Amino acid sequence: MVKVSFKVNGQARALELDTRTTLLDALREHLRLTGTKKGCDHGQCGACTVIVEGRRINSCLSLAVMHEGDSITTIEGLGTPEKMHPMQAAFVTHDGYQCGYCTPGQICSAVAVLNEIKAGVPSHVSADLTARPHVSVDEIRERMSGNICRCGAYSNIVDAITEVAGRKA
Amino acid sequence: MKSFTYERADAPAEAAAAAMRTPGSRFIAGGTNLLDLMKLEIETPAHLIDVNRLALDKIEPMSDGGLRIGALVRNTDLAADARVRRDYALLSRALLAGASGQLRNRATTAGNLLQRTRCPYFYDTNQPCNKRTPGSGCAAIGGFNRTLAVIGASEACIATHPSDMAVAMRALDATIETVRPDGKTRTVAIVDFYRAPGSTPHLETALEPGELITAVTLPKPVGGTHIYHKVRDRASYAFALISVGAIIQRDGSGRVALGGVAYKPWRVEAAEAEMPRGARAVTTALLAGAKPTHENAFKLLLVERTLSAALAQARA
């Protein structure tokens, strides 16, 4: 067992964990933050996406003990049913889901994607590597490719993200 | 997952020494490949040494005009670095063609070089695999091997190296800097880094037990048009069937390295003399001696056509 302390959604948390505990299992099983979902548990589906130190990661492919001192944001930290994050509201408006299982990961990823574009991080579809990337459907699709939706709500997800990007611009 | 003990290292030499001190140690940085393999019990380290706190996350210019990339620089940061985008665009393009945004945010430069094959038989613990269990045999030879090697393979293993980044590093003549458990440092040219499978496919690199990669260096920029074409079964977030990394100069000369065809990024400098004669001549020289299987012979023609597209793009 190893002790680890980090901040989750602004709140300091201290845990004593088996070294094998992933960040995902620490969030779900130990902190009861079950908004973050376990899909494939192998980094292929993106359902477990959370934001750590401002960056989206697959929480299933990271050990909790590797996050000593980190600040972690989960879907519960982005918004609440009463006070939704703009990305959550846009997913509702555009019906960006069916079963909803991949949605927390999609939303955490989408929020980070818009920050990545704002920060000038290029993507595989950015035509000019030396220019600043812009929000486009192609950019959103490429950058969101690590989040799988088995219901196939992709076009509505792209609409939701596009709306939030436009509102921000 | 098998249980393991865990420690955080504060200095590179200390991490290397710790790896020798505790049998069955592995370094962990991004963990995106290692942890996946630990869940499947393909990797079963008794001890993990977390190297994330080592100060190896800088990209620095060198006095000879080259660039030193710390071992812990994340794939996202390397791809987004202004100097890399301007002077080593091939590297930026290759990184951006790999994995997903989430994975690139964690995956490190050294870890990317050291990632294991995605051969389906390596991943299936019910099947024989000489890389996973030395001496057990190879189920890929004679099995489903559409994605596997066409050249450089052996009777024991036909796995490919999955990295896109390494293809760019090979074309750019990168050098790998390491520290050993006795504290001594050394450099290994990327051409000498990956070991041919032969009869020991479980031995994959020139690294010695406990040796830790600290940086990757690039020589000064070579100019030219940088192109990375990756051909895969999905438009995004898939490993390459084949990839072509090319740097093409105005006079038609250039360099070519291939991904998805061998146990390492495949480059044959002598084949580059054929560049002015076009894609077919280069491919013939580059893949001379290829032994594709009945399922992956398409890769030879795919390389030629993809290189042809790259040459046309450079001329346009």
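Keep in mind that what you see is a predicted model, and the values were worked out from it rather than measured.
- Of the listed residues A:Thr49, A:Val65, A:Val2, A:Val52, the one with more heavy-atom pairs under 4.5 angstrom with chain B than any other is A:Val65.
- A:Lys7 NZ: 12 or fewer foreign heavy atoms inside a 6.0 Å radius.
- With a 4.5 angstrom heavy-atom cutoff, B:Leu34 does not touch chain A via any of its atoms.
- The candidate with the highest count of non-hydrogen atom pairs below 4.5 Å against chain A, out of B:Gly101, B:Ala235, B:Ala99, is B:Gly101.
- Contacts between B:Asp50 and chain A at a heavy-atom distance below 4.5 Å involve the side chain alone, from C-beta outward.
- A salt bridge links B:Lys39 with A:Asp41; the closest basic N to acidic carboxylate O contact falls under 4.0 Å.
- With a threshold of 4.5 angstrom between heavy atoms, B:Asn52 approaches chain A through side-chain atoms but not through N, CA, C or O.
- With a 4.5 angstrom heavy-atom cutoff, A:Ser123 touches chain B only via backbone atoms.
- Most heavy-atom pairs under 4.5 Å with chain A, from the set B:Thr76, B:Thr5, B:Ile28: that is B:Ile28.
- Checked by atom type and distance alone, the side chain of A:Asp159 never pairs as donor or acceptor with a backbone atom of A:His94 at under 3.5 Å.
- Salt-bridge formation is detected for the pair B:Asp233/B:Arg146: a Lys NZ or Arg NE/NH1/NH2 atom is positioned less than 4.0 Å from an Asp or Glu carboxylate oxygen.
- In terms of non-hydrogen atom pairs under 4.5 Å with chain B, the most contact-rich of A:Val125, A:Thr130, A:Ile57 is A:Ile57.
- Note on B:Asp36 versus B:Arg116: no salt bridge recorded, every NZ/NE/NH1/NH2 to OD/OE distance being 4.0 Å or above.
- No more than 12 heavy-atom neighbours from other residues, nucleotides or ligands sit within 6.0 angstrom of CZ on B:Arg250.
- Only the side chain of B:Arg106 comes within contact range of chain A, with at least one heavy atom under 4.5 Å from a heavy atom of that chain.
- Of the two parts of B:Lys230, neither the backbone nor the side chain holds a non-hydrogen atom closer than 4.5 Å to a non-hydrogen atom of chain A.
- For chain A, the nearby part of B:Ala79 is the backbone; its heavy atoms alone come within less than 4.5 Å.
- Among A:Leu63, A:Val121, A:Val113, the residue making the largest number of heavy-atom pairs under 4.5 Å with chain B is A:Leu63.
- Taking 4.0 Å as the cut-off between side-chain N and carboxylate O, A:Glu68 and B:Arg53 do not count as a salt-bridged pair.
- Salt-bridge formation is not detected for the pair B:Asp164/B:Arg93: no Lys NZ or Arg NE/NH1/NH2 atom is positioned less than 4.0 Å from an Asp or Glu carboxylate oxygen.
- In this structure, chain A has no heavy atom under 4.5 Å from any part of B:Ala107.
- At a threshold of 4.5 Å between non-hydrogen side-chain atoms, the residues B:Asp87 and B:His226 do not count as touching.
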